[in-house]
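All chains are named by letter (A, B, ...) in the order of the sequence lines, taking the proteins before the strands, and each is independently numbered beginning at 1. Values reported hereafter were calculated over all heavy atoms of this structure, with side chains retained and with hydrogens, waters and symmetry mates removed. Worth saying up front: this structure is predicted, and the values here are computed from it rather than measured.
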Number of protein chains: 2
Amino acid sequence: MSAASTGDEAIDMTDVDALYKMAEVSRVLRSATSTIEKFVHLASGTNDLTLMHCLVLVHLSRKASCKQLDLKSATGIAPTHLTKLVDELTHRGFVRRHRSSWDRRQIILALTAPGRETALRLLTSLHELTHKTQLNAIEELGSSLKRFVSTTANDEWLDRGSAHTNEVDQLDRGDMIVKPIN
Amino acid sequence: MSAASTGDEAIDMTDVDALYKMAEVSRVLRSATSTIEKFVHLASGTNDLTLMHCLVLVHLSRKASCKQLDLKSATGIAPTHLTKLVDELTHRGFVRRHRSSWDRRQIILALTAPGRETALRLLTSLHELTHKTQLNAIEELGSSLKRFVSTTANDEWLDRGSAHTNEVDQLDRGDMIVKPIN
DNA sequence: TATTGTTATACTCTATAACTATA
DNA sequence: TATAGTTATAGAGTATAACAATA
């Protein structure tokens, strides 16, 4: 109920309202996040898994195994945070960590049986409860914001180039020899 | 570059992609936030003002004075955080805090001359640099997310009613007798 | 030297609870 | 008792820098 919703919707929207909207979207986003997290709570039994935990679980459930590097680029989670998330998931017995014998710098991740079950239950919940409309809503969402950001980012005022290091992940085989660590 | 963008845009979007999108939107939102914050940095001279600081500044610049309670409901900022924000803005000399003599529980906020200047410079920057498209993008954004949240929130699975205490702010006069505190 | 991952720290915003002062 | 605001704490996620191990 910011000042943005006091009359002529998108027509008379002033610049000020952009600020209100930003804050509102940010809040609603948290709300949506916690909604999804509730699904995982129900699916997993624990109440300690966040949206980012879900992301990791779901991504891993799609592949037999996955390099941590690919997980990073696929989810966009900061490496420093990813380490903690995998720590916690490993500690809960959902994920196993291996070290690649091919390139010993890399970590290979794989779900355990309970981890895979949990991920599948989460996906089932999401499938039952989300509808095309919602998915499309989220879809539009991302592109809308990206439009906003890219337009302003190219402006003369902002010299500092935004370090966008988005690389696609495509090169995971998941069939190399690995050894357990943790 | 999540797994969501590997082919048929919104058509073949699976439930999984909702998760990726959520995380992506969250990240892009931060990006947009920092874009706006750069405007304030340029307008204010300091680099220590966040989007929420902007919100407060801009909201205050629209009224002669403003109850903190109204600021809370207008911006949606948590009371606990609002205290800190106003602390900082007061410390920077942008805001003055008064105690209402009418209801001595309430705090009345007003911009100082530098604060008002900064707010106006910020608004000018925003006006020059944002376009209708971007504003509409943000507008759609909020409603999209809200649709997602409200649809899932009414589900049988989630019993805990979301405590939505959104009240509109309309009752600030800004012409009552106030006394300085800080 | 460059890359992968870890550790540690600081920061922003939220949520909660306990508290003061006032109504 | 209820309301306005403050304080303190914990949490999630990000950013950054320093570091180890490997390539």
*Asks:* Please state how far atom NZ in B:K72 lies from atom C1' in C:dC13, giving the value in whole angstrom units.
*Replies:*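 Spelled out: NZ on B:K72 to C1' on C:dC13 is 16 Å.
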*Asks:* Between A:R97 and A:D87, does at least one N-O distance fall below 4.0 Å, as a salt bridge requires?
*Replies:*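 A:D87 and A:R97: salt-bridged.
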*Asks:* Please report the distance, rounded to the nearest Å, between CZ in B:R97 and C1' in D:dG5.
*Replies:* 9 Å
*Asks:* Please examine the side chains of A:L55 and A:L71, heavy atoms only from C-beta on, and report whether any two atoms are closer than 4.5 Å.
*Replies:* no
*Asks:* Report all interatomic pairs (protein N or O, nucleotide N or O of nucleotides 10-14 of chain D) with separations under 3.5 Å.
*Replies:*
from   : atom 1 : to    : atom 2 : distance (Å)
D:dG13 : OP2    : A:T50 : OG1    : 2.9
D:dT14 : OP2    : A:H81 : ND1    : 3.3

*Asks:* Below 4.0 angstrom, N of the basic side chain to O of the carboxylate: do A:R27 and A:E24 qualify?
*Replies:* no
*Asks:* Could you check how far CG of A:L29 sits from P of C:dC13, rounded to whole Å?
*Replies:*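 Distance check: A:L29 CG to C:dC13 P gives 14 Å.
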*Asks:* Report whether A:L69 and A:L82 are members of the same hydrophobic cluster (ILVMFWY, side-chain heavy atoms less than 4.5 Å apart, transitive linking).
*Replies:* no
*Asks:* Is it true that B:D70 and B:K63 make a salt bridge, defined as a side-chain N closer than 4.0 Å to a carboxylate O?
*Replies:*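 Salt bridge: no.
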*Asks:* Using whole Å, report how far CG of A:L82 lies from P of C:dT4.
*Replies:*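 Spelled out: CG on A:L82 to P on C:dT4 is 13 Å.
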*Asks:* Show your reasoning for whether side-chain hydrogen bond (donor to acceptor under 3.5 Å, both in side chains) applies to B:T124 and B:H127.
*Replies:* CA-CA 5 Å; B:T124 307; B:H127 184 74; over 6 Å; no
*Asks:* Provide a list of protein-nucleic acid N or O atom pairs under 3.5 angstrom, restricted to nucleotides 21-23 of chain D.
*Replies:*
from   : atom 1 : to     : atom 2 : distance (Å)
D:dA23 : OP1    : A:R104 : N      : 2.9

*Asks:* Measure the spacing between CG of B:L60 and CD of B:Q68 and express it to the nearest 0.5 Å.
*Replies:*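 These two atoms lie 10.0 Å from each other.
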*Asks:* Whole Å only: how far is the NZ atom of A:K67 from the P atom of C:dT4?
*Replies:* 9 Å
*Asks:* Could you give the CG-to-P distance, from B:L49 to C:dC11, as a whole number of Å?
*Replies:*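 After rounding, the gap between these two atoms is 15 Å.
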*Asks:* Rounding to an integer number of Å, can you tell me how far B:Q68 CD sits from C:dA21 P?
*Replies:* 17 Å
*Asks:* For a 4.5 angstrom cut-off between non-hydrogen side-chain atoms, does B:L57 reach B:L122?
*Replies:*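 B:L57 vs B:L122: side chains apart.
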*Asks:* Take the protein atom CD1 of B:I107 and the nucleotide atom P of D:dT3, then report the distance between them rounded to whole Å.
*Replies:* 18 Å
*Asks:* Quick one: CG on B:L19 to CG on A:L123, what's the gap to the nearest 0.5 Å?
*Replies:* 7.5 Å
